[in-house]
Q: 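Quick one: structure below, then a few questions.
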Amino acid sequence: MTKEEFINDIIEFCSQNSDMENVKKYSRFFKDGFIGYGLSSNLVREKSKELKKSEVTLEVVLSAMPELLKSGKYEETAIGLLVVNDLYKHFNHETFLCISGWFSVGLNNWAHADTLGMWILPKLIDSGNIGINDFSTWITSAFKFQRRCVPVTFVKELKKSKSFIHLFNFLEPLMMDTEREVQQGMGWFLREAWKLNNGETEDFLLKWKDKSPRLIFQYACEKMSVENKQRFKRAK
């Protein structure tokens with residue numbers, strides 16, 4: 001399958017299964033707007049599995065992704081990302097470099113970013129082709145969803161170590177991020193860290209409680225008791 005065949009197959013499938021009622025429903029979850037066909041998640045997954053079985057190569061999919069991103073259609077990118085995820089056995093360092101360029105092209109919503117952070121990027125780390133330090137330029141990226149990807153990706157790193165201090169130190173610049181989506185990602189990461197190591201996590205939260213945006217703490221402290229949450233209120 002060529003790049004053009006891969007792209008056209010996805011577009012044709014999406015067009016044939018469009019549902020405008022779903023477009024209206026999905027729009028509620030994207031504050032910057034939703035542009036898409038309204039496909040159900042089951043249909044998106046079904047198509048990605050079909051494309052993998054067609055023996056499309058990772059190289060073809062990676063070369064197609066910029067064009068799918070440029071279209072701005074949600075499901076076109078979503079299907080492409082799921083096919084990338086299904087081809088994880090072929091990942092290498094070049095895969096990471098390709099992904100790094102997607103944010104400037106059009107990866108601009110939380111759902112696509114979280115597909116990367118929850119599934120694709122952790123597989124890249126596990127493959128041994130990248131490490132934590134490869135994300136150093138992502139921390140300072142001009143693109144908020146690229147920054148969000150870092151703490152979301154590191155959620156799965158939490159189960160690999162008893163101490164999280166190295167992860168906290170790496171992510172520390174994001175504790176002052178001004179973008180809501182990044183703050184949510186940091187809060188999510190810290191909430192999961194607290195579940196596994198509340199001592200180190202609480203020490204880190206206390207360090208930042210009077211400086212960081214409150215949304216981070218809203219997420220990070222979500223599972224704490226009412227009494228414990230009081231410790232992390234900003235001093236008046």
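Nothing fancy with the numbering, it's 1 onward along the sequence.
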Q: Please tell me whether Trp208 and Phe217 form a close aromatic pair, meaning their ring centres lie under 6.0 Å apart.
A: no
Q: Answer with yes or no after comparing the ring centroid distance for Tyr74 and His112 against a 6.0 Å cut-off, counting only values under it.
A: yes
Q: For the ring pair Phe204 and Phe164, is the centre-to-centre distance below 6.0 Å?
A: no
Q: Between Lys123 and Tyr88, is NZ or CZ placed under 6.0 angstrom from the six-membered ring centre and within 45° of the ring axis?
A: yes
Q: Is Lys31 close enough and on-axis enough to Trp110, meaning under 6.0 Å and within 45°, for cation-pi?
A: no
Q: Does a donor on one side chain sit under 3.5 Å from an acceptor on the other, for Ser40 and Asn42?
A: no
Q: Relative to each other, are the rings of Phe154 and Phe189 parallel, tilted or perpendicular (30° and 60° limits)?
A: perpendicular
Q: When you check the side-chain N and O atoms of Tyr219 and Gln183, is any donor under 3.5 Å from an acceptor?
A: no
Q: Quick one: do Asp126 and Lys156 make a salt bridge, cutoff under 4.0 Å?
A: no
Q: Between Lys207 and Glu172, does any NZ, NE, NH1 or NH2 come within less than 4.0 Å of an OD or OE carboxylate oxygen?
A: yes
Q: Report yes if the distance between the aromatic ring centroids of Phe34 and Phe29 is under 6.0 Å, otherwise no.
A: no
Q: Please name the residue in the list Phe103, Phe145, Phe143, Phe170 that meets the ring pair (Phe, Tyr, Trp, His ring centres under 6.0 Å) test with Trp138.
A: Phe103
Q: Answer yes if the side chains of Asn198 and Thr201 hold a donor-acceptor pair under 3.5 Å, and no otherwise.
A: no
Q: Flag the pair Phe96 / Phe91 as yes when their ring centroid distance falls below 6.0 Å, and as no otherwise.
A: no
Q: What I want to check is whether the side chains of Gln218 and Glu222 have a donor and an acceptor closer together than 3.5 Å.
A: no
Q: Checking Glu202 against Asn228: is there a side-chain donor and acceptor pair closer than 3.5 Å?
A: yes
Q: Charged N to carboxylate O under 4.0 angstrom, Lys47 versus Asp9?
A: yes
Q: Please indicate whether Glu55 has more than 12 foreign heavy atoms, meaning atoms of other residues, nucleotides or ligands, lying under 6.0 Å from its CD.
A: no
